[in-house]
Amino acid sequence: MIEQRVRVRFAPSPTGALHIGGARTAYFNWLFARKSGGTFVLRIDDTDTSRSSEASYQQIIDSFRWLGLSWDEGPEIGGEFGPYRQSERLALYREELQRLLAEDKVYPCFCTQEQLLAEREKAQKDGRTPHYSGHCRQLTREQQEYELAAGKTAVYRLRAPKSGSTVVSDMIRGEVVFNNEEIDDFIVWKADGTPTYHFASCVDDYKMGITHIIRADEHLSNTPRHIAMFQALGAPIPQFAHIPMILAPDRSKLSKRHGATSVDEYRMAGILPEALINYLLLLGFSPGEDKELVEVEQAIELFDLRKVTKHAAIYDVKKLAWVNSHYIHSASPDYLLALVWEAWLGRHWTIANPNREQLAWLRSVIVVMQERSHNLQDLQDGVAYYFSAPMQYDVKGVRKHFTAPSTQEHLRRTADILQDAVPFTAHTIERVFRRFIAQQGLKGGELIHPTRLSLSGLTTGPGLFDMMAVLGRVECRQRLLAAADWIGQQVELKV
RNA sequence: GGCCCCAUGGUCAAGUGGUUAAGACACCGCCCUUUCACGGCGGUAACGGGGGUUCAAGUCCCCCUGGGGUCACCA
């Protein structure tokens, strides 16, 4: 037996954003291809022109690039089996349809939608599977010609096997047997002159030499249809692997009401692509050796389709958040700075072409904040006070740290002693601070907390002295005096 | 409704006839500490139910229950 080069594909339809379930399916395909030295094909299933849109096509492409899922053949880059958008392959489908028609493997059907609907409803009522009756299956060539000549519009159906059984050999589930009576003569060609998904997909898999079809569980029931389709086409039957679905926390199908469901939404929520792809790997697969944090390179090594679970997984945003914070913490400051750059620029926190010194300072803001950031948002919204003095002070903080009678005076004194910290580093600042605390007979927190609140307006944040070093002496002094003034005003207002 | 798939803690998930039933997230407690995080230590928590097979069943078989999918001129 000749060992065949692995060729897999992911075929999204551009009717919306790339779903995380789709992203995981794509990733598993990609991993399988990379691991086996095979080819990963990206194909766009846009036969449904009314629902497909250029915008969502673009969004899907962007999501793939963002996730780092590169394709070996597909839109934008081409390949020897192109084109890779089904809307551009119509002539090919038509050709295959003609062939199948000539071989009598497909036949025209003139039943109206009303007839079919009635049939279906009756079957439903009688407790039978709502299948096509086969009304037009018996039509002779002459009868077909007659109807066509009369100008009747036709759809085309596959002459599916009516007896025996079809065995789906699935790499994850083993052998799944379907009774062929369950497969009806499904439509392969619509009245509007375009192929259905089942037809286009199988023709493409055949023509593109796809060896393994790795797709979501929901297609398992469709597989005997596809096998019948491949047989009609005279195509080899690919290997199948149906991976379990991703469910919402209430075990229902994931939908908008469950929050973020698309790759794009996670990107906008400040999730790193490395984190999302890592989390996706953990859904339905266990890398083994108690590994949870697995980067792409290692994932390629560890991935094994046969070890994919059989049951659906519920996605857990908390764990995603944990994975994400790991990647945020271990990322290089420059990388993170690049990621927040646009946002910072938009807020005028930085300029388009900073000099070396300015860049170093921006980096220091990242450095001091990244350890306690869990996502990119934290690095965008949580760093405002480095760029401008706080507009207000945390209410609870004020009650707790600004109410002692001596606070106002302590803050002014602190502003003064900062002159002694030379150079102005976390180390020297702390030394000056500790000395002052000792002189005044204070407890550390009695000075540290009011200072933090004065400088950032917040009660939480990085180590105070690190934060002060980043802010700089002048800024610290101004903010401390401003806070002291503010406290003074509050006292007057009360009186 | 017919057919198909699935079933270990709240969630992800090891486990392939003999284990004190891993680990991670989350949660709780303690420690570290100027705050918040991080980190460290510890804890609560699971084989859906019922029948078999076997010396022995989370692991094999059957039934039930539950969940999911599919049966379109959507993909």
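A, B, ... follow the sequence lines: proteins, then strands. Residue 1 opens every chain.
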Could you check whether the rings of A/Phe64 and A/Phe40 sit parallel, tilted or perpendicular, using 30° and 60° as the cut-offs?
->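 The rings of A/Phe64 and A/Phe40 lie parallel, inter-plane angle below 30°.
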Geometric class of the A/Phe186/A/His198 ring pair [parallel <30°, tilted 30-60°, perpendicular >60°] =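 Rings of A/His198 and A/Phe186: perpendicular, as their planes differ by over 60°.
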Contact string for nucleotides 35-40 of chain B, one letter per nucleotide 5' to 3', B = base within protein heavy-atom range under 4.0 Å, S = sugar-phosphate only, - = neither, reads BBB---
Per-nucleotide protein contact along nucleotides 65-75 of chain B, 5' to 3', at a 4.0 Å heavy-atom cut-off (B base, S sugar-phosphate only, - neither), is --SSBSBSBBB
Looking across every strand, which nucleic acid part, if any, lies under 4.0 Å from A/Tyr279 by heavy atom: base, sugar-phosphate, or nothing?
->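 Since no nucleic acid heavy atom lies under 4.0 Å of A/Tyr279, the category is nothing.
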Want to settle it: does A/Phe178 or A/Ile314 sit nearer the 5' end of RNA chain B, counting the closest nucleotide to each?
->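 It is A/Phe178 whose nearest nucleotide is closer to the 5' end.
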A/Val177 or A/Tyr315, whichever maps to the more 5' nucleotide of RNA chain B =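 Here A/Val177 is the residue nearer the 5' end.
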What integer number of Å spans the [atom1] atoms of [N] and [M]?
{"N": "B/rG42", "M": "B/rG23", "atom1": "P", "result": "10 Å"}
{"N": "B/rA22", "M": "B/rC64", "atom1": "C1'", "result": "31 Å"}
{"N": "B/rA7", "M": "B/rA13", "atom1": "C1'", "result": "14 Å"}
{"N": "B/rU53", "M": "B/rA21", "atom1": "P", "result": "25 Å"}
{"N": "B/rU11", "M": "B/rC30", "atom1": "C1'", "result": "25 Å"}
{"N": "B/rU19", "M": "B/rG15", "atom1": "C1'", "result": "9 Å"}
{"N": "B/rA26", "M": "B/rG18", "atom1": "C1'", "result": "33 Å"}
{"N": "B/rG58", "M": "B/rA46", "atom1": "P", "result": "15 Å"}

Are any of the side-chain nitrogens in [X] or [Y] under 4.0 Å away from the carboxylate oxygens of its partner?
{"X": "A/Asp170", "Y": "A/Lys310", "answer": "no"}
{"X": "A/Arg306", "Y": "A/Asp304", "answer": "yes"}
{"X": "A/Asp185", "Y": "A/Lys162", "answer": "yes"}

Determine, for A/Tyr57 and A/Arg85, whether the Lys NZ or Arg CZ falls below 6.0 Å from the six-membered ring centre while staying within 45 degrees of the axis.
->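 The answer is yes; both the distance and angle limits are met.
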Centre of A/Tyr132's six-membered ring, under 6.0 Å away, within 45 degrees of the axis: is that where NZ or CZ of A/Arg157 sits?
->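 Checked: cation-pi criterion met.
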Could you tell me the Watson-Crick or G-U partner of [N], where both distances fall under 3.5 Å? Say none if there is no partner.
{"N": "B/rU16", "value": "none"}
{"N": "B/rA24", "value": "B/rU11"}
{"N": "B/rG39", "value": "B/rC31"}
{"N": "B/rG2", "value": "B/rU70"}
{"N": "B/rA46", "value": "none"}

Is there a donor-acceptor contact under 3.5 Å linking the side chains of A/Thr223 and A/Arg215?
->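 A/Thr223 vs A/Arg215: donor-acceptor pair found between side chains.
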Do A/Gln98 and A/Arg94 have side-chain atoms, one donor and one acceptor, less than 3.5 Å apart?
->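 The criterion, which ignores hydrogens and geometry beyond distance, is not satisfied for A/Arg94 and A/Gln98.
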Is there a donor on the side chain of A/Lys310 or the base of B/rA7 sitting less than 3.5 Å from an acceptor on the other?
->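 Absent.
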Please state whether the base of B/rG23 and the side chain of A/Glu289 form at least one donor-acceptor pair under 3.5 Å?
->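 For A/Glu289, whose side chain was compared with the base of B/rG23, there is no donor-acceptor pair (under 3.5 Å).
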Ring-ring centroid check A/Phe28 A/Phe303, cutoff 6.0 Å =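 For A/Phe28 and A/Phe303, the ring centres are under 6.0 Å apart.
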Starting at CD1 of A/Ile429 and ending at P of B/rU34, how long is that distance when rounded to a whole Å?
->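 From A/Ile429 CD1 to B/rU34 P: 16 Å.
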Can you tell me the distance, in whole Å, between the CD1 atom of A/Ile183 and the P atom of B/rC3?
->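 Rounded to the whole Å, the gap is 15 Å.
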Nucleotide of B/rA14, B/rC6, B/rC25 approaching A/Ser286 most closely (side-chain heavy atoms) =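 Output: B/rA14.
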Side chain of A/Val176 - closest among B/rC6, B/rG23, B/rC5 |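 My answer, after comparing the listed nucleotides, is B/rC5.
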So A/Arg43 and A/Asp205, salt bridge (Lys or Arg N to Asp or Glu O under 4.0 Å) or not? Walk me through it.
-> CA-CA 10 Å; A/Arg43 186 173 76 214; A/Asp205 288 339; 2.9 Å; yes
